[in-house]
2 protein chains.
Amino acid sequence: MSRRMKLDLLIILQKATELVDEHGLDQLSIGLLAEKLEVRPPSLYNHLDGLHELKQKLAIQGVKNLHTYMLQAAVGRSGDEAIRAISQAYIQFVREHPGLYDASTRFPNANDQALQHAQESVVHLVLRVLDTYNLQEEMAIHMVRGLRSILHGFTSIEQLGGFEMPLDINKSFTILINTFIEGIHAVTLNQNEN
Amino acid sequence: MSRRMKLDLLIILQKATELVDEHGLDQLSIGLLAEKLEVRPPSLYNHLDGLHELKQKLAIQGVKNLHTYMLQAAVGRSGDEAIRAISQAYIQFVREHPGLYDASTRFPNANDQALQHAQESVVHLVLRVLDTYNLQEEMAIHMVRGLRSILHGFTSIEQLGGFEMPLDINKSFTILINTFIEGIHAVTLNQNEN
DNA sequence: TGCCAAAACTAATCAGATTAGTTAAAATGA
DNA sequence: TCATTTTAACTAATCTGATTAGTTTTGGCA
């Protein structure tokens, strides 16, 4: 291993992703990351502006990756089946990349174009999935928010170890999504009465 | 103001609660807290074992307070109305005590008796509320997990500033809860077919 | 081959948490 | 009341981690 390790932002982000997914976002430090990359801590500052910026970059990666998972799951599916598929993709992503997902919820830089774009991609994907329900425009957005709340809430609590009772977590998830879908159907029927 | 500030754990927790609810959990530091209490940082160590323990104590407070809010909302109500009431209480608590709530999700000490007890109180309260639906035992727990996911997810995203579109957030919340309630009704009807 | 820019390095600084050891105030009790 | 004991403050010091300043090495290229 040569004394000079050729770093670049991509390599740094990859190693940081490994670290946060394995040890948790809060364990990410400049020192540990530098050690894993076999450089001295100050060297990292040649490639990024500090720990906080690094976390924001991870956040962007997280949203982009989440979108990719969901997009893959959605192709060729529609209606209830599509909702189930993107929901499964969401929970799968969080389970495989808990640190990245955590970064995307805790360190989103609202001013960052790339982040906003990635977030909008997810919203639009879900809106397309909901298209088949012919919801009124506003109602569709309320439902996107609802599904997002469900997915974020369930996965967050799972990651925190919050489901303590000895009862199959996957079943809870399936039932929750199905309950929501049933709810959409019911709301769709009543749509013109509100 | 006498040179000796008579501190105790209660006063410390009160001030820490103010700080986290006003400035965010991550802004809580021994230094800032000591400054607000007009003592030197090391003095706090006479009353607690460190910053981490302080956050765990805040977490317990958070769950206890949340339970109190929900309990107040639930008295005298049942069925759909009770679900709406405890949901409103939940979001109200998070809006009034964002830092405390954040602590309760990020720093729960799973070994702490007091915390476990408070968490169980919340679960049991929701189980009682769901009693009127005559769900099978397991299904009731799945639904508790579902409602909890919804409430945690929605309030977390709101706190993170995640609902960007110009659309009434309270309406989104009401619709989400109603959709879930409709879903419960549908699932209840199908209960014996699963 | 020698210059230049990039990117590493060492050394130093700064902030915050925490610990060690000291002292003042308050409480207790003869 | 006054001495003793305990509590809980204090100052000074240490440790960890992020960051900055300034220096040196290296690899590409004229």
Side-chain angles (χ1 to χ4, degrees), chain A residues 1-61 99-100 102-103 106-109 112, chain B residues 1-61 99-100 102-103 106-109 112:
Chain A
M1 199 67 65
S2 67
R3 174 161 162 259
R4 295 284 160 149
M5 198 45 34
K6 58 176 172 200
L7 282 189
D8 65 17
L9 190 53
L10 185 62
I11 292 176
I12 293 176
L13 284 178
Q14 285 173 345
K15 186 62 76 176
T17 299
E18 285 175 28
L19 281 179
V20 298
D21 284 339
E22 189 170 355
H23 302 293
L25 183 58
D26 291 327
Q27 297 308 306
L28 177 64
S29 69
I30 293 290
L32 179 61
L33 181 55
E35 185 183 314
K36 295 287 181 185
L37 291 166
E38 303 183 68
V39 296
R40 301 296 166 158
S43 303
L44 298 180
Y45 289 82
N46 288 315
H47 303 280
L48 44 86
D49 277 348
L51 185 58
H52 197 252
E53 186 190 281
L54 174 60
K55 288 176 179 172
Q56 291 184 343
K57 288 191 186 303
L58 290 177
I60 297 169
Q61 272 309 308
L100 217 47
D102 203 13
R106 284 175 52 198
F107 297 96
N109 176 355
D112 188 290
Chain B
M1 199 69 65
S2 68
R3 172 161 163 260
R4 295 285 161 152
M5 196 50 27
K6 57 177 172 197
L7 283 187
D8 64 18
L9 190 53
L10 185 63
I11 291 176
I12 293 175
L13 284 178
Q14 284 173 345
K15 186 62 76 177
T17 299
E18 286 175 27
L19 281 179
V20 298
D21 284 339
E22 189 170 356
H23 299 110
L25 184 58
D26 291 327
Q27 297 308 306
L28 177 65
S29 69
I30 294 290
L32 179 61
L33 182 55
E35 187 183 311
K36 294 287 182 186
L37 290 167
E38 303 183 70
V39 295
R40 301 296 167 158
S43 303
L44 298 180
Y45 289 82
N46 288 315
H47 303 278
L48 44 88
D49 278 349
L51 185 57
H52 197 253
E53 186 190 282
L54 174 59
K55 288 176 179 173
Q56 291 184 342
K57 288 192 185 302
L58 290 177
I60 297 168
Q61 271 310 307
L100 218 46
D102 203 14
R106 284 175 53 197
F107 298 96
N109 176 356
D112 189 290

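A note on names: the letters A, B, ... follow the listed sequences, proteins ahead of strands, and every chain is numbered from 1.
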Distance test, side-chain N/O of A:H47 to OP1/OP2 of C:dA8, below 4.0 Å: yes
Under-4.0 Å side-chain N/O to phosphate OP1/OP2 contact, A:S43 with C:dC9: yes
Whole angstrom value for the distance that separates P of C:dT19 from CG of B:L48: 12 Å
Student check: side-chain heavy atoms of B:L58 and B:L28 closer than 4.5 Å: yes
Rounded interatomic separation in angstrom, taking OH from B:Y45 and C1' from D:dT14: 13 Å
Partners meeting side chain to side chain donor-acceptor pair (under 3.5 Å) with B:N109 (sequence neighbours left out): B:Q56
Nucleotide nearest B:V39 (side chain, heavy atoms from C-beta), chosen from C:dA11, D:dA9, C:dT18: D:dA9
Nucleotide D:dT16, atom P - distance to CD of A:Q27 in whole Å: 15 Å
Rounded distance (Å) that lies between atom C1' of C:dA17 and atom CD1 of B:I30: 7 Å
Closest to the B:P41 side chain, choosing from D:dT11, C:dT18, C:dC9: C:dT18
Rounded interatomic separation in angstrom, taking NE2 from A:H52 and C1' from D:dT20: 19 Å
side-chain contact (heavy atoms from CB on, under 4.5 Å) between B:D102 and B:V20, intermediate numbers included: CA-CA 9 Å; B:D102 203 14; B:V20 298; over 6 Å; no
Interatomic distance, A:L33 atom CG to A:E18 atom CD [nearest 0.5 angstrom]: 10.0 Å
Spacing of B:I12 atom CD1 relative to D:dA8 atom C1', expressed in whole Å: 11 Å
Whole-Å distance separating the CD1 atom of A:I11 from the P atom of C:dA7: 12 Å
Nucleotide nearest B:S29 when distance is taken to its side chain, options D:dA21, C:dA17, D:dA18: C:dA17
Pairwise side-chain contact, B:I12 with B:K57, heavy-atom cut-off 4.5 Å (strictly under): no
Nucleotide D:dA18, atom P - distance to CG of A:L51 in whole Å: 6 Å
Distance test, side-chain N/O of B:N46 to OP1/OP2 of D:dA9, below 4.0 Å: yes
